Amino acid sequence: MPERATIQPPPTADFVVIGGGILGLAVARELLARHPGASLCVLEREGRLAAHQTSHSSGVIHSGIYYEPGSLKARLCVEGSRLLYDYCDEAGIEAIRNGKLIIATEESELLRLDELERRGRANQVPGLRRLGADGIAEIEPHARGIAALHSPVTGVVDFARVAAAFAADVETAGGAVVTGCEVVGLTRRAGSVAVRHGSGATQAGFAIGCAGAWSDRLAVAAGAPADPRIVPFRGAYLRLRPERRELVRASIYPVPDPVLPFLGGHLTRGIDGEVLLGPSALLVGARDGYRLGRIRWSDLRSNLAWPGTWRLVGRHWRTGLGELRHAASRRTFIAALRRFVPELDPGDVLPGPSGVRAQALDRHGRLVDDFVVHRTERALHVRNAPSPAATSSLALAKLIADQAEELL
Ligand SMILES: Cc1cc2nc3c(=O)[nH]c(=O)nc-3n(C[C@H](O)[C@H](O)[C@H](O)COP(=O)(O)OP(=O)(O)OC[C@H]3O[C@@H](n4cnc5c(N)ncnc54)[C@H](O)[C@@H]3O)c2cc1C
C-alpha cells in the first residue's frame, strides 16, 4: 500500500478508531453507515494503511470449518466470508473461490478430520465434502493423503486491497483517515475521552482500539485488565519458483493440532498466482519482527515479564524447537510439507515474505483463540483478533459497532 499524504487529525470527533488495519477500517465504515453525518476519524500510526497483519497474511478467505459450532469465531467467519465475497463483487475486487483441501496423511489424524467434518457441517459450510485418496488427486493432482475435507468456498483475496476500499468508503461517508499519527493514550474527560497523539489530542465521544499487535498497551493504559498480553509470533513463508507453481492449484492444509491450531504450514496459491508455503510460527522479540533476529527491548521485556510466556514455553518447548528448525532450515520445512506434496524439493522454493501474528496469551500460558473485546469508560478495545479476523472483518465490525452503541 502506498504512503498517504499526512493530514492533521481533527480536534473533536464523535468516534475515533485507533488502527488502520482491515478491522479498524471495517469498524469505521460500519459506524458511519449506521450514523450518517457523525464525525469520525481513523488514526493510524504508520505512513500507510494495512501496514501490519492485514498485508502480511496468507490472503485466505476461510469458510468456517475449524471453529467450535456456536462459537463467536464460527458465526463471524461464516457470516464474514459471505459478506466479504458480496463486498468484493460490488467493489470490483478480485476474490477467487478456488477451494481448499485439509488432508490427513496418517490414520492417527482421521479422528481429528472427523471432528472437523462435524464442525464444518454444524457451521453450515457450503459444499463441504469428504474425499478419499482418489478424490484428493482429482482436485490437487500432485497432492497425496488418505482422506481429506474439501471446502469449495474457501478462497483468496488481497486483504490490503480490501482495507484500501474500506478506507475509501470511510472518506466518501465523510470520515477522516489520518496516517502517521500514533495514539499514545486515552484520558477520560467528563462526557468524552481525549485520544492523545503526536499532534495533540482529539476529544472523542467514543474511541475504539483496533491496534493489532499493540492493542494490549493502549487498553491497559486506559484501565483495562492486563490479561491477555500480546506475544508476537513470526510466520515466515517460502514461495514456489514460477516454473513449479503447477504443483499447487489452490490451498492444501494439514489437519490442525487442536492445542496449537495455527501451527503446521500450508500451501496456498494466492490471488496473484504466487504459491506460498508456510507460515512457520516462532515466538519473537519484536511486535514488528518481520526480520528474523530483530529485537525491540520493550517487546522482549514484555514477553519475558508475562507469566503466560514461561508457562507456554514450559508446556510446548518441543514444538518450539521444531518451529525453530523450520525457521532455520528450508530443507526441514520442505520435508514437513512433502507429506502432502511428495514431489516438492528444496530446490523448488525461494525465500518468501513474513508476517507477525498478534497472538493473545493469557497468564496461564493458554493461547487465546476467540475474539476478545474489553470496555473502559467511553472506549472499546479489541484485544484479540486472530485469524480469521481478516475474513470476518465485516461481521466483526457489526458486532463491535453493536457493543459501542450499547455503551453510548
Ligand atoms: C502470518 C499471518 C497469516 C494470516 N493469514 C490469514 C488468512 O489467511 N486469513 C485471515 O482471515 N486472516 C489471516 N491472518 C489474520 C489477519 O491478518 C488478522 O486477524 C487481521 O489482519 C487483523 O486485522 P487488524 O486490523 O486487527 O490488525 P492489523 O492489520 O495488525 O492492524 C492494526 C493497526 O493498528 C496500528 N496501530 C497500532 N498501534 C497504534 C497506535 N498506538 N496508534 C495508531 N495506530 C496503531 C498498526 O500500525 C496497524 O496498522 C493472518 C495473520 C498473520 C500474521
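As the structure lists them, so they are numbered: ligands from 1, and atoms in each ligand from 1. Along the sequence shown, the residues carry numbers beginning at 1. Values in this document were obtained by computation on a predicted structure and should not be read as measured data.
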Quiz item: So, does S392 sit close enough to ligand 1 that a heavy atom of it is under 4.0 Å from the ligand?
Solution: no

Exercise. Return yes when A213 approaches ligand 1 closer than 4.0 angstrom through a heavy atom, no otherwise.
Key: no

Quiz item: Can you check whether R45 has an N/O within less than 3.5 Å of an N/O in ligand 1?
Solution: yes

Quiz prompt | ligand 1 atoms in contact with P388 (distance to a heavy atom under 4.0 Å) | solution = 10 (C), 11 (O), 12 (N)

Quiz item: Are the aromatic rings of F340 and H266 close, with centres under 6.0 Å apart?
Solution: no

Quiz item: At a 4.0 Å threshold, what atoms of ligand 1 neighbour a non-hydrogen atom of Y237?
Solution: 1 (C), 2 (C), 3 (C)

Quiz item: Non-hydrogen atoms of G235 versus ligand 1: any pair closer than 4.0 Å?
Solution: no

Quiz prompt | E46 and H52 side chains, donor-acceptor separation under 3.5 Å | solution = yes

Quiz item: F159: heavy atom below 4.0 Å from ligand 1, yes or no?
Solution: yes

Quiz item: Run the side chain to side chain contact (heavy atoms under 4.5 Å, CB included) check on R239 and V349 step by step: do they pass?
Solution: CA-CA 5 Å; R239 54 195 176 91; V349 295; over 6 Å; no

Exercise. Determine whether any heavy atom of G59 lies closer than 4.0 Å to an atom of ligand 1.
Key: yes

Quiz item: Taking atom CZ of R269 and atom CD1 of I96, what is their separation to the nearest 0.5 Å?
Solution: 9.5 Å

Quiz item: Taking the minimum heavy-atom distance to atom 34 (O) of ligand 1, which of G198, G19, S393 ranks first?
Solution: G19

Practice problem: Report yes if the distance between the aromatic ring centroids of F166 and Y87 is under 6.0 Å, otherwise no. | Solution: yes

Self-check item: Atoms in ligand 1 with a heavy atom of P386 nearer than 4.0 Å
Solution: 19 (O)

Quiz item: Taking the minimum heavy-atom distance to atom 46 (C) of ligand 1, which of R357, E46, E44 ranks first?
Solution: E44

Self-check item: Ligand-side contact atoms (ligand 1) for residue partner I18, heavy atom cut-off under 4.0 Å
Solution: 42 (N), 43 (C)

